[in-house]
Amino acid sequence: MATRKKQPAARRAGLIFGDLWEFDPAPETADPKLKARYDLFIGGKFVRPRSGRTFDSINPANERKLAEIALAGAADVNAAYAAGAKAFGPWSALSGRERGKYLFRIARLLQDRAREFAVAETMDGGKPIKESRDFDVPMAAAHFFYHAGWADKLEYVAPGRSVAPLGVVGQVIPWNFPLLMLAWKLAPALAMGNCVVLKPAETTSITALKLAEILQDAGLPDGVVNFVTGAGETGALVMGHPSAAKVAFTGSTEVGKAIMRQLAGTDRRMTMELGGKAANIVFDDAPIDQAVEGIVNGIFFNQGHVCCAGSRLLVHEPVADQVIAKLKARIRVLRVGDPLDKNTDLGAINSAAQLATIRRLVAAGVSEGAVKYQPPCILPEKGFYFPPTLFTGVTQSHRIAREEIFGPVLSILTFRTVDEAVEKANNTPYGLSAGVWTDKGSRILRMSTELKAGVVWANTFNRFDPSSPFGGYKESGFGREGGRQGLLDYAKLT
Ligand code: NDP
């Protein structure tokens, strides 16, 4: 990759579009109010880990340390479950209306501190500030608002039946949407009257611990929510704890399978939100310019660290050349770099380990014969970055068409008929999401019926709403988050 080179001043003086167009830096400067050290959040208080261990959280944009985080061991996880068990009786006995008030308060306090949370999320995870500011934080608040609205209407979750909470639930989340995944997990569990022990991902624990401050400010009773930070070992302790009434996991299919093996033979309730390899399918009658925007959003949003990313583009042969040419032109103007710059489209890859995975799979794509395209792109010298990448000449057997890359890498395949599009789209162990671009409503209906995916977007991609259930088929998992269905996954029906 080229290193950053300034355009000569004379060339930049006039208003010249095209290659010479330069944005001035537009850094977001709000204070993320980070602490140098974060302890565990157990029983409503920040407590030192009994394990005596800590780890560092770094900023992937520049590899600088952000904070020291407590690492929870078995005694800490036991304490968190004990705090949850103590809180469960009084919390579940509150009326839904009262519980809803806490959720409304959490949502409003999060809105009050939205800018601070957006900066913290971007610094901890590497995603562009415009995404944390306009998507992650507002959507997290929306989930609390939505479930606050449900809390006093729980009799409508399962008409004709009664619902009751399960107890203390164990939850583990990944690093790609740290605050949002946390809201997806906490809000329905609390609305239903459960208590929670949650482990955030090792590389992105900070916004969970900042949210703990909000839980305190909201006056949430002690022990209703407990955060235990740490790596996979801590996650296994949370998932395998004998007092967990249910476990809810979001992460890779590999770890999801390990948890299912760990819990096989128990009667533990589970929901699994796992990986994906979504097909984004463009027909020749699609609005091509809109589809190109949808493809770009589908794969480059959050550097492609998205379980439902449209990482396989299936394009109808008559328009393949046109779509690929437009895509190449479009990704040439994507801005890769400082995630805190408001103009940045692609920020930092979350960790050195994830960058190595992306590089490994891209190298496999090249060695297996696919054709790689990367636009000329100036990457910062420090930090973890990867340029937007397209592969053409991809076949279904290529690893880049089968494995989840979880990075800004699009594999492009073509098709001739509707049947072929459906067959190729479903030819994957995953089944989380898909996209269809066409002018014909009847074709959208047929595709959405035949595609084996939990969500099918039509003439759009990556749209979310708290009222809309989200979840997978096949190796993408089971259970739903969001909507009435998501609440049912935290309820006992009587
Ligand atoms: P991982 O499965 O590696 O990790 C997910 C979480 O599980 C992390 O908190 C991790 O801890 C923890 N963990 C690791 N090992 C264990 C274990 N043995 N037992 C219990 N917990 C464990 O996934 P990533 O964090 O890399 O996230 C990316 C994956 O998540 C992708 O496959 C993506 O598709 C999927 N995902 C799915 C979503 C969905 O809704 N279906 C949404 C978002 C992501 P630590 O971080 O410390 O290693």
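Every number for a ligand or one of its atoms is a count from 1 in the order of the listing. Count residues from 1 along the sequence.
Among the atoms of Trp175, some N or O lies under 3.5 angstrom from an N or O of ligand 1. Looking at ligand 1, you'll find an N or O of Ser252 within less than 3.5 Å of one of its N or O atoms. Close N/O approach between Leu274 and ligand 1 is found [any backbone or side-chain N/O within under 3.5 Å]. Here's the thing with Glu202: one of its N/O atoms is less than 3.5 angstrom from an N/O atom of ligand 1. Of the N or O atoms in Ile173, one or more lie within a sub-3.5 Å distance of an N or O in ligand 1.
Contact annotation for Leu432 and ligand 1: only side-chain heavy atoms (C-beta onward) come within less than 4.0 Å of the ligand. Contacts with ligand 1 closer than 4.0 Å are made by no heavy atom of Ala258, backbone or side chain.
The distance from atom CZ of Arg312 to atom CD1 of Ile405, rounded to the nearest 0.5 Å, is 11.5 Å.
In terms of protein heavy-atom proximity, atom 13 (N) of ligand 1 is closest to Gly232 CA, 3.7 Å. Counting only heavy atoms of the protein, atom 28 (C) of ligand 1 lies nearest to Phe406 CE2, 3.4 Å. Nearest protein neighbour of atom 22 (C) of ligand 1, counting heavy atoms only, is Val255 CG1, 3.6 Å. Looking at atom 12 (C) of ligand 1, its nearest protein heavy atom turns out to be Val172 CG1, 3.6 Å. What sits closest to atom 11 (O) of ligand 1 on the protein, heavy atoms only, is Lys199 NZ, 3.0 Å. Looking at atom 27 (O) of ligand 1, its nearest protein heavy atom turns out to be Pro174 CB, 3.3 Å. Here the heavy atom of the protein found nearest to atom 34 (O) of ligand 1 is Glu404 OE2, 2.5 Å.
Residue Gly230 places a heavy atom under 4.0 Å from ligand 1. For the ligand labelled ligand 1, residue Phe249 lies inside the 4.0 Å heavy-atom shell.
Contact detail for Ala70 and Thr229: the closest heavy-atom pair is O-OG1, 2.6 Å. Looking at every heavy atom in both residues, Val336 comes nearest to Cys377 through CG2-SG, 3.7 Å. Of all heavy-atom pairs between Pro200 and Ile173, the closest is CA-CG1, 3.7 Å. Taking both residues in full, the closest heavy atoms of Leu274 and Leu432 are given as O-CD2, 3.8 Å, listed atom of the first, atom of the second, then distance. Lys277 approaches Ile400 most closely through the heavy-atom pair NZ-O, 2.9 Å. Of all non-hydrogen atoms in Val394 and Ala401, the two that sit nearest each other are CG1-CB, 3.8 Å.
For Glu481, the salt bridge (charged side-chain N to carboxylate O under 4.0 Å, His left out) partners at least two apart in sequence or on another chain are Lys185.
For atom 21 (N) of ligand 1, the nearest non-hydrogen atom from the set Gly275, Gly251, Gly235 belongs to Gly235. Remark: among candidates Gly472, Cys307, Ser205, Cys308, the nearest residue to atom 39 (C) of ligand 1 is Cys307, based on non-hydrogen atoms.
Atom NZ of Lys35 has more than 12 neighbouring heavy atoms from other residues, nucleotides or ligands inside a 6.0 Å radius.
In the vicinity of Ala236, heavy-atom distances shorter than 4.0 Å reach the ligand 1 atoms 19 (N), 20 (C), 21 (N). Close approach to Ala201 involves these atoms of ligand 1, each under 4.0 Å from a residue heavy atom: 9 (O), 46 (O). Those atoms of ligand 1 that come under 4.0 Å of a heavy atom in Thr250, given as number and element, are 5 (C), 36 (N), 37 (C), 38 (C), 39 (C), 40 (O), 42 (C), 43 (C), 44 (C). Set against the non-hydrogen atoms of Asn176, the atoms of ligand 1 under 4.0 Å away are 43 (C), 44 (C).
The residue from Phe177, Tyr146, Phe470 that alone fulfils the ring pair (Phe, Tyr, Trp, His ring centres under 6.0 Å) condition with Phe464 is Phe470. Of the options Thr449, Leu451, Ile444, a side chain to side chain contact (heavy atoms under 4.5 Å, CB included) to Val456 is made by Leu451 and by none of the others.
Protein heavy atoms are found inside the 4.0 Å sphere centred on atom 41 (N) of ligand 1.
Inspection of the Trp457 and Asn280 side chains reveals no N or O donor paired with an N or O acceptor under 3.5 Å.
Between His305 and Trp175, the two ring planes are perpendicular [angle over 60°; tilted spans 30° to 60°].
A cation-pi arrangement is absent between Lys127 and Phe135 under the rule of less than 6.0 angstrom and at most 45 degrees off the ring axis.
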